[in-house]
Each structure stands twice: as C-alpha cells, then as structure tokens.
There are 2 protein chains.
Amino acid sequence: MDQEPEDYVLEEQVGHLLRRAYQRHLALFQGIMGEDGPTSMQFAALHVLWRRGPLSQNLLGRALAMDPPTVKGVVTRLMARGLVVRDRDAADARRLRVALTPAALAALPAWVGKARAVTAATLAPLSREDQARLGTILGKLG
Amino acid sequence: MDQEPEDYVLEEQVGHLLRRAYQRHLALFQGIMGEDGPTSMQFAALHVLWRRGPLSQNLLGRALAMDPPTVKGVVTRLMARGLVVRDRDAADARRLRVALTPAALAALPAWVGKARAVTAATLAPLSREDQARLGTILGKLG
DNA sequence: CCCCGATCATGTGCACACTAACAAGTCTAG
DNA sequence: CTAGACTTGTTAGTGTGCACATGATCGGGG
C-alpha cells in the first residue's frame, strides 16, 4: 500500500478512458447522422419503439437505461420534431403511451443504416479481435 | 448488404455499452466520494492542477479533454466551493490562471485514495487480464 | 369497500458537454 | 509597425443525466 501520488495517472484511469471513448462515439454519431438527424439517445428511443411497438415512458426508459426525467426530456424533443406522439394508456391512467409517427417510420430505415455506420466508425481503429473483446468486456461491466 | 432491421440490436452497439459502462462508473464515483466530495470532472481538474501546478483554463481543458465552455463551468463551481482561485496571467492578458487553494491541497490526498477505490470498483467485475485488455483497447480508441 | 404501499409521471435544481457567435489580446508577415 | 491570423475566453442555446420531492393512479389485504 505504498501509494505515491504519482501512482494516479489520470490518462490511465478507466473512467477517463470510458469518457473519452464515449465522447468520440457521440461526435461520430452526430457527424454521420448529419444536421437534421436524431441525436444518439433520440435514435435509440425511436429504435426501441420500432422494435417493440408503443411503450409507456417508464418501459422505454428501462429499455434504454434512462431515468424518468431524462426520458421525459427525450420524448418531449421527439414530439417537438414530430417523430412520436403521446397519449394516456387506456388500461392504466398513470401511463403515457409513446408511439412513432409515420414520419418516424419513413425515416427510420435510413437512420438505422447510418447507425450501423456509426458503430463501424467507432470500432474502426481496432482489429476484429479487439472489437469482439471490447464488446465482451463491456458487457461484463453492465 | 442484405441487412434486416433485426441486425441492429441496441444492446450490442458499442455506443450503448460505452454509455452504460460510463454511467456505472459515475454512480460508483459519486457513491465513494460521498455527498460533499467533488464530482468526477471536478476531481479530475483538481488532480491535474495538483500534478502540474497552476494552468490557464485552456491548458486545463486540453489536459482533461474538455472544451472551453465546459471548463468554465467546472472552474466556476470549483471556485464556488473554495477549491480554486482564478487570476489573469501576468505574461498573457488573455489567459486566466487557475490555481488550487489550501483547502483543496488539504483535501486532495484523501480524494486521490478514494479515486483509486473508484477505479478498482469500476473494474471489479473483470479478471485481471480483462482489466488490462480494456485499458489497452480503450487507449486505442482515444 | 377502503386504505396503504407500489408504480408512473412531473417539476426543480444541479452538472456536464457541444455548437456557434463574439470579444479581446498576442504574434507574425510584409 | 501595422494588418490579418491565431489564441483565449465568454455567452447563449440545446441535449443528456441524476437526485429529490410531489402528485396521481393502481392493486391487494383487511
């Protein structure tokens, strides 16, 4: 336990490396999606709704690992862009059912293609083995 | 290029995995530092100033991979907490020199110890080999 | 049937992060 | 020695993310 202060090198800490890697990913996402494309989280929300159909905000948040206030923000912005609509669940008046609009359905196929390109670009600096390893290791951290 | 929509599984995308891992890290950071400890970025800034001495906001930002508006916010909050002071650089009137206060110097050794614990906790689910691999791979993504 | 705990959503306040546009100081080429 | 380029910092606007407190609704046990 003879820990000199020098032992702590910021650039080697996982937290710093994770932050940098995620930052880089977000920059690639924005660059590839373009000016009027969805943000990273907006796309993730749309994709979940596409795969699973209309969901309450709460379920949407769980699928995305977002807490309720954050979901609200994302959904509000998606409504403002005309990509989702929201109404009360008939069976449970607490729930707000979020559903895609036709505009979102029309745009999604192209966006999924771009999202694939983002993943490829993010992983581009790595060998195939490292790409697989990274996925496996990050999965264990979830 | 026969890409079915099903090919895109959110939970397998690097971006999602990076975000989750970083979220978990931040939660551990806050939990270990405690209520009145610094946030992750505040600690990183303090540590850089400790290692390198007073820096301009710009240099501080480069050391931390933060852009200027973000640095300003972090420095403002650190000033409000009495952990840094800011003055104009005598040699270059554009620069704002940021320096640690005695309060920060007194608190830093304990905080560095906790920061080490955060790194350990973040990596805890991984084998030693995976810990090393993760560092190497994330380094290539920077 | 009614109350009580669990669930769903909201509002507020704080922190971080990026863009774009701007102001001010420094430096160098001509 | 001055004009334009570069560097440094700020402001404003948007988006993500968390904790905490509050209110509305649902479900089950007495």
Side-chain angles (χ1 to χ4, degrees), chain A residues 15-16 18-31 33-46 55-81 83 86-98, chain B residues 15-16 18-31 33-45 55-62 64-81 83 86-98:
Chain A
H16 187 256
L18 285 171
R19 175 171 159 275
R20 298 273 321 245
Y22 185 51
Q23 264 181 11
R24 175 171 164 277
H25 165 77
L26 289 179
L28 290 168
F29 195 101
Q30 185 179 356
M33 281 295 176
E35 282 299 320
D36 41 80
T39 66
S40 167
M41 294 317 296
Q42 287 171 8
F43 170 75
L46 294 174
L55 291 177
S56 73
Q57 288 191 174
N58 198 281
L59 289 174
L60 182 56
R62 282 187 220 172
L64 299 169
M66 279 196 294
D67 64 4
T70 305
V71 172
K72 178 182 167 40
V74 172
V75 169
T76 298
R77 286 182 287 272
L78 285 172
M79 284 193 300
R81 299 177 67 159
L83 296 171
R86 208 172 53 168
D87 55 10
R88 292 224 95 92
D89 187 318
D92 186 338
R94 291 169 303 181
R95 295 188 162 183
L96 286 177
R97 213 182 63 112
V98 182
Chain B
H16 187 258
L18 285 171
R19 176 172 158 275
R20 297 277 318 251
Y22 185 51
Q23 262 181 10
R24 174 170 164 279
H25 166 77
L26 288 180
L28 289 169
F29 195 100
Q30 185 178 355
M33 281 295 176
E35 283 299 323
D36 41 79
T39 65
S40 166
M41 293 318 295
Q42 287 171 10
F43 171 75
L55 291 177
S56 73
Q57 288 192 176
N58 198 282
L59 289 175
L60 182 56
R62 281 187 220 172
L64 298 168
M66 279 196 294
D67 62 8
T70 304
V71 172
K72 178 181 166 42
V74 171
V75 168
T76 298
R77 286 182 287 272
L78 285 173
M79 284 195 298
R81 299 177 65 161
L83 296 171
R86 207 172 55 168
D87 56 10
R88 292 223 95 92
D89 187 318
D92 185 338
R94 292 168 304 180
R95 295 188 160 178
L96 287 176
R97 214 181 60 115
V98 182

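Proteins get letters first, then strands, A, B, ... in listed order; numbering begins at 1 in each.
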K.L.:
Quick check: on DNA chain C, is the nucleotide nearest B/Ala93 upstream (toward 5') of the one nearest B/Val74, or the reverse? Name the residue that is more 5'.
P.N.:
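Looking at the nearest nucleotide for each, B/Val74 comes out on the 5' side.
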K.L.:
Once you apply a heavy-atom cut-off of 4.0 Å, does A/Val71 come out as touching a base, just sugar-phosphate, or nothing?
P.N.:
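The answer is nothing, as A/Val71 stays clear of every strand by at least 4.0 Å.
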K.L.:
Mind listing the N/O atom pairs, protein and nucleotides 7-10 of chain D, below 3.5 Å?
P.N.:
from: D/dT7; atom 1: O2; to: B/Arg94; atom 2: NH1; distance (Å): 3.0
from: D/dT8; atom 1: OP1; to: B/Arg95; atom 2: NH2; distance (Å): 2.8
from: D/dT8; atom 1: OP2; to: B/Asn58; atom 2: OD1; distance (Å): 3.4
from: D/dT8; atom 1: OP2; to: B/Arg62; atom 2: NH2; distance (Å): 2.6
from: D/dG9; atom 1: OP1; to: B/Leu96; atom 2: N; distance (Å): 2.6
from: D/dG9; atom 1: OP2; to: B/Asn58; atom 2: N; distance (Å): 2.5
from: D/dT10; atom 1: OP1; to: B/Arg86; atom 2: NH1; distance (Å): 3.3
from: D/dT10; atom 1: OP2; to: B/Gln57; atom 2: NE2; distance (Å): 2.8

K.L.:
Without hydrogens or angle criteria, can the side chains of B/Gln57 and B/Arg86 be said to hold a donor-acceptor pair below 3.5 Å?
P.N.:
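Side-chain D/A pair, B/Gln57 to B/Arg86: present.
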K.L.:
B/Phe43: what forms a ring pair (Phe, Tyr, Trp, His ring centres under 6.0 Å) with it, not counting sequence neighbours?
P.N.:
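Ring pair (Phe, Tyr, Trp, His ring centres under 6.0 Å) list for B/Phe43, sorted by chain: A/Tyr8, B/His47.
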K.L.:
Please tell me if the side chains of A/Arg95 and A/Asp92 come closer than 4.5 Å, counting only heavy atoms from C-beta onward.
P.N.:
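Answer yes - side chains close enough.
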K.L.:
B/Arg19: which residues meet the salt bridge (charged side-chain N to carboxylate O under 4.0 Å, His left out) condition with it, sequence neighbours left out?
P.N.:
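Partners of B/Arg19 by the salt bridge (charged side-chain N to carboxylate O under 4.0 Å, His left out) criterion come out as none, since no residue qualifies.
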K.L.:
Where each residue is assigned the nucleotide of DNA chain D containing its nearest heavy atom, which of B/Glu35 and A/Gly73 is assigned the position nearer the 5′ end?
P.N.:
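By nearest-heavy-atom nucleotide position, the 5'-most residue is A/Gly73.
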K.L.:
List the atom pairs, donor and acceptor, that lie under 3.5 Å between side-chain atoms in residues 58-71 of chain A and the rest of the protein, sequence neighbours left out.
P.N.:
from: A/Asn58; atom 1: OD1; to: A/Arg62; atom 2: NE; distance (Å): 3.1
from: A/Asn58; atom 1: OD1; to: A/Arg62; atom 2: NH2; distance (Å): 2.9
from: A/Asp67; atom 1: OD1; to: A/Thr70; atom 2: N; distance (Å): 3.4
from: A/Asp67; atom 1: OD1; to: A/Thr70; atom 2: OG1; distance (Å): 2.7

K.L.:
Nearest nucleotide by nearest heavy atom, which residue falls closer to the 5' end of DNA chain C, B/Ala91 or B/Asp67?
P.N.:
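The residue whose closest nucleotide sits nearer the 5' end is B/Asp67.
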K.L.:
Nearest-Å distance, CG (B/Leu26) to P (D/dA19)?
P.N.:
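Those two atoms, CG and P, are 11 Å apart.
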K.L.:
Dot-bracket for DNA chain D, please, read 5' to 3', with Watson-Crick or G-U wobble pairs under 3.5 Å on both distances, ( ) within the strand, [ ] crossing, | other strand, . unpaired.
P.N.:
||||||||||||||||||||||||||||||
K.L.:
Take B/Val98 and B/Val75 through the test side chain to side chain contact (heavy atoms under 4.5 Å, CB included) and record every step on the way to the result.
P.N.:
CA-CA 8 Å; B/Val98 182; B/Val75 168; 4.3 Å; yes
K.L.:
Roughly how many Å is it from CZ in A/Arg77 to P in D/dT14, rounded to a whole number?
P.N.:
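Going from A/Arg77 (CZ) to D/dT14 (P), I get 11 Å.
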K.L.:
Quick one: how far along DNA chain C does chain B reach, first to last nucleotide 5' to 3', anything under 4.0 Å to a heavy atom?
P.N.:
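So the contact region on DNA chain C extends C/dA15 to C/dT26.
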K.L.:
Just checking B/Thr70: base, sugar-phosphate only, or nothing, at a heavy-atom cut-off of under 4.0 Å?
P.N.:
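Base: the residue B/Thr70, judged by heavy atoms under 4.0 Å, touches a nucleobase.
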K.L.:
Could you pull out the closest heavy-atom pair between A/Ala45 and A/Val74, with the gap in Å?
P.N.:
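Scanning both residues completely, I find the closest heavy atoms to be CB-CG1, 4.3 Å.
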K.L.:
Checking B/Arg81 side chain against B/Asp36 main chain: does a donor-acceptor pair fall under 3.5 Å?
P.N.:
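Indeed, once roles are kept as given, a pair shorter than 3.5 Å links the two residues.
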K.L.:
Salt bridge or not for A/Asp87 and A/Arg97, using N-O below 4.0 Å?
P.N.:
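Judged by the 4.0 Å cut-off on N to carboxylate O distance, A/Asp87 and A/Arg97 do form a salt bridge.
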K.L.:
Roughly how many Å is it from CG in A/Leu78 to C1' in D/dT14, rounded to a whole number?
P.N.:
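It works out to 14 Å between those atoms.
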K.L.:
Looking at A/Arg20, is its backbone amide N or carbonyl O close enough to the side chain of A/Gln23 to form a donor-acceptor pair, meaning the two atoms are under 3.5 Å apart?
P.N.:
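The answer is no, because no donor-acceptor pair under 3.5 Å joins these two groups.
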K.L.:
Taking the side chain as every heavy atom from C-beta outward, state whether B/Asp89 and B/Leu96 have any atom pair closer than 4.5 Å.
P.N.:
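No, side chains not in contact.
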